[in-house]
Asks: 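Quick one: the structure is below, and I'll ask about it shortly.
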Amino acid sequence: EAQVTQNPRYLITVTGKKLTVTCSQNMNHEYMSWYRQDPGLGLRQIYYSMNVEVTDKGDVPEGYKVSRKEKRNFPLILESPSPNQTSLYFCASSLSAGAIYEQYFGPGTRLTVT
Amino acid sequence: SQQGEEDPQALSIQEGENASMNCSYKTSINNLQWYRQNSGRGLVHLILIRSNEREKHSGRLRVTLDTSKKSSSLLITASRAADTASYFCATDAGYGGATNKLIFGTGTLLAVQP
């Protein structure tokens, strides 16, 4: 089954404790992206990757890191989480970059930073 | 900043009625997509309409695009309780802007009462 998986689905952590949210897709997609969703603000892009070893900042990259060492994986790293990073996070992938391509979303990771 | 803004923010209708929502965007675009999100879950692609198209249908969905007004509408006919979800439009940043990502609006929350 074609899908995007994220882990963990729920995470409660404390300020400053490094964490990684994994994302994996099995569709051989070139383009992958991370979004955060907050009430009233919609989805905002954090980082995206056009292909392996090619990543770039989205609209709200501060406090986040990503890497794309393999085509299927695109982990999101919070080196020192803060309470303002409490949010619902989505990973997405598409065949290639551009709004002509449908994006496939993972199930989401609900992160709480205390 | 948001490219697309949906209207209304929330909509409540009875089962069997039609649900209509609009998306307005700021700059010219190449493509516009609509997505559905069930509560707390990942977004699911519904339909894509290109800038040279005026109307598209998919099952009970009808999407229109008016590039002169920079707006799109999504009509769901004969609504069902299972249509209860948030609906988002997403566009690229338009000609001369970044075409390698989707920009999402803040969504319309649709509640279909049985």
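Reminder, nothing fancy here: chain letters follow the sequence lines and each chain counts from 1.
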Asks: With only heavy atoms counted, which part of B/Glu6 is less than 4.5 Å from chain A, the side chain, the backbone, both or neither?
Replies: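 Contact with chain A involves no heavy atom of B/Glu6 at all.
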Asks: Give every residue pair that meets the salt bridge (Lys or Arg N to Asp or Glu O under 4.0 Å) criterion with at least one member in residues 59-83 of chain B, sequence neighbours excluded.
Replies: B/Glu55-B/Arg62, B/Arg60-B/Asp83
Asks: With chain A, which of B/Gln9, B/Arg41, B/Gln33 has the greatest number of heavy-atom pairs at distances under 4.5 Å?
Replies: B/Gln33
Asks: Show me, pair by pair, the donor-acceptor contacts under 3.5 angstrom made by side chains of residues 86-93 of chain A, not counting sequence neighbours?
Replies:
residue, atom, partner, partner atom, Å
A/Thr86, OG1, A/Pro83, O, 3.0
A/Thr86, OG1, A/Val113, N, 2.9
A/Thr86, OG1, A/Val113, O, 3.4
A/Ser87, OG, A/Gln37, O, 3.0
A/Ser87, OG, A/Asp38, OD1, 2.8
A/Tyr89, OH, A/Tyr64, OH, 2.6
A/Tyr89, OH, A/Gln85, O, 2.5
A/Ser93, OG, A/His29, ND1, 2.8

Asks: So which bits of residues 4-11 of chain A come within less than 4.5 Å of chain B, counting non-hydrogen atoms only?
Replies: none
Asks: Does any donor atom in the side chain of A/Tyr101 or A/Glu30 lie under 3.5 Å from an acceptor atom in the other side chain?
Replies: no
Asks: Does any backbone or side-chain atom of B/Leu48 lie under 4.5 Å from a heavy atom of chain A? Answer side chain, backbone, both or neither.
Replies: side chain
Asks: Would you kindly say whether A/Asn73 and A/Ser24 are connected by a side-chain donor-acceptor distance under 3.5 Å?
Replies: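 Yes, a side-chain donor-acceptor pair sits under 3.5 Å.
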Asks: Quick one: does A/Asn26's side chain have a donor or acceptor within less than 3.5 Å of a partner on A/Gln3's backbone?
Replies: yes
Asks: Restricting to ring pair (Phe, Tyr, Trp, His ring centres under 6.0 Å), what partner residues turn up for B/Tyr35, sequence neighbours left out?
Replies: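 For B/Tyr35, the residues satisfying ring pair (Phe, Tyr, Trp, His ring centres under 6.0 Å) (neighbours in sequence not counted) are A/Phe105, B/His45, B/Phe104.
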Asks: Can you spot which of B/Ser72, B/Ser71, B/Ser73 makes a side chain to side chain donor-acceptor pair (under 3.5 Å) with B/Thr64?
Replies: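 By the side chain to side chain donor-acceptor pair (under 3.5 Å) criterion, B/Thr64 pairs with just one of B/Ser72, B/Ser71, B/Ser73: B/Ser73.
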